[in-house]
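Chain naming here is simple, since letters A, B, ... match the order of the sequence lines and numbering starts at 1 in each.
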There are 2 protein chains.
Amino acid sequence: MSSSPLTGDDLLRTLATLANPHRLRVVAALTERRRYVSELARELGISRALLQLHLKKLESAGLVSGHLELSDDGKAMKYYEVTDFAVELTPRTVAAAARTLSDRDGKEGETGR
Amino acid sequence: MSSSPLTGDDLLRTLATLANPHRLRVVAALTERRRYVSELARELGISRALLQLHLKKLESAGLVSGHLELSDDGKAMKYYEVTDFAVELTPRTVAAAARTLSDRDGKEGETGR
DNA sequence: GTCACCTGCTAGTTTTTCTTGGCATGTGCA
DNA sequence: TGCACATGCCAAGAAAAACTAGCAGGTGAC
């Protein structure tokens, strides 16, 4: 329930992260219940390498989180679950966030954040 | 106030469109008041060609709309203003949208739009 | 030992998006 | 006529994101 208005850069990262069909499906699947990487890859019909890349992006954006666990038979499984994010997108919220964007394209390191 | 849940493809388009610092600033500026292209380009400090491209994307995503008008001195000015969009981003809304995604990467032409 | 299943990383290609620069059109004004 | 400002579009290069393929390590079971 982090409905606290994000900074422009965070909003940008969140939007860019969600703006991908695979990642949207990943979030959808994990919303149902948590899953481990290989399981999810099979379910979505994409390669593990690709999925890991998407999971990495989702995780750095704080939308999902992964935890390494040992299954009963001793195998290492990395389980992922969704974070309880909440972002409201309206002209006002976007305008507010835009004002805190770090200079040019987010290259410059600003005070914000 | 179109808080009606978008289809997966529409959500994807909306997210992809907003996931850009220039477009975020454009929305922010237009939220204040409407503006014509050249005016906005000067204000944001970007080239007109670039801005037009961003405006085109924003418009096809339905986030802004432009109207050609004739100024008092007979010049053609294209004024843009923001649309009153509203999108809620939470695991549930994302999951719901993901289920309506057109097959592979949205390449397939579906019924929607 | 060999197979099946789990994780993680990286180099390199392909694809998409972003940007720039130039060119064309039209109006009013000195 | 030449200048200032408006619009629109396109070709081509630059940059960023997506994806593939391959290799590494580890455990349990037959």
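Applying the 4.0 Å criterion to OP1 and OP2 of D:dA18, one finds that A:Asn20 has a side-chain N or O inside that range. Between D:dA6 and B:Ser38, a contact under 4.0 Å exists linking OP1 or OP2 to a side-chain N or O. Proximity of A:His54 to the phosphate of D:dA17: no side-chain N or O atom is located under 4.0 Å from OP1 or OP2. A sub-4.0 Å separation between OP1 or OP2 of C:dG8 and a side-chain N or O of A:Lys56 is absent. A close approach under 4.0 Å does not occur between any side-chain nitrogen or oxygen of A:Lys78 and OP1 or OP2 of C:dC6. For the OP1/OP2 pair of D:dA6 and a distance below 4.0 Å, the side-chain nitrogens and oxygens of B:Arg42 include at least one atom meeting the criterion. For the pair A:Lys57 and D:dA18, the criterion of a side-chain N or O lying under 4.0 Å from OP1 or OP2 is met. Distances shown here put every side-chain N or O of B:Ser71 at or beyond 4.0 Å from the OP1 or OP2 atom of C:dT27. A sub-4.0 Å separation between OP1 or OP2 of C:dT7 and a side-chain N or O of A:Tyr36 is absent.
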Legend entry - Residue pair B:Leu63, A:Val94: steps toward the side chain to side chain contact (heavy atoms under 4.5 Å, CB included) verdict: CA-CA 11 Å; B:Leu63 299 173; A:Val94 169; over 6 Å; no
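A:Arg42 pairs by the side-chain hydrogen bond (donor to acceptor under 3.5 Å, both in side chains) definition with A:Tyr36, not counting sequence neighbours. With sequence neighbours left out, the side chain to side chain contact (heavy atoms under 4.5 Å, CB included) criterion links B:Thr93 to B:Glu88, B:Thr90. Residues meeting the side chain to side chain contact (heavy atoms under 4.5 Å, CB included) test with A:Ala95, sequence neighbours left out: A:Arg99, B:Ala28, B:Thr31. In this structure B:Ser65 satisfies the side chain to side chain contact (heavy atoms under 4.5 Å, CB included) test together with B:Glu59, B:His67, B:Glu81, sequence neighbours excluded. Shown here are the side chain to side chain contact (heavy atoms under 4.5 Å, CB included) partners of A:Asp72, two or more places apart in sequence or in another chain: there are none.
The nearest whole Å value for the distance from the CD atom in B:Glu59 to the P atom in D:dG8 is 10 Å. To the nearest angstrom, C1' of D:dA6 lies 11 Å from OH of B:Tyr79. For the pair A:Leu12 CG and D:dA17 C1', the interatomic distance rounds to 14 Å; values are reported in whole Å. Per the geometry, CE belonging to A:Met77 stands 13 Å off C1' belonging to C:dA4, to the nearest Å. Summarising the geometry, the separation between CG on B:Leu55 and P on D:dC9 is reported as 12 Å, rounded to the nearest angstrom. At whole-Å resolution of the value, CG in B:Leu50 and P in C:dG22 are 16 Å apart. D:dC5 atom P lies 17 Å from atom CD of B:Glu43, rounded to whole Å. Rounded to an integer number of Å, the gap from B:Leu51 CG to D:dT7 C1' is 12 Å.
In the model, A:Ser71 has a side-chain atom that pairs as donor or acceptor with a side-chain atom of A:Asp73 under 3.5 Å.
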Legend entry - Protein proximity profile, nucleotides 21-30 of chain D - base contact B, sugar-phosphate-only contact S, no contact -, cut-off 4.0 Å on heavy atoms: B-----BS--
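When A:Leu18, A:Thr17, A:Thr83 are each tested for a side-chain contact (heavy atoms from CB on, under 4.5 Å) with A:Val27, only one passes: A:Leu18.
When heavy atoms are screened at a 4.0 angstrom cut-off, B:Leu53 is found touching base atoms of the nucleic acid.
Checked against D:dC19, C:dC6, D:dA18, the side chain of A:His22 finds its nearest nucleotide in D:dC19. In the set D:dG8, D:dT20, C:dG8, the nucleotide with an atom closest to the side chain of B:Gln52 is D:dG8.
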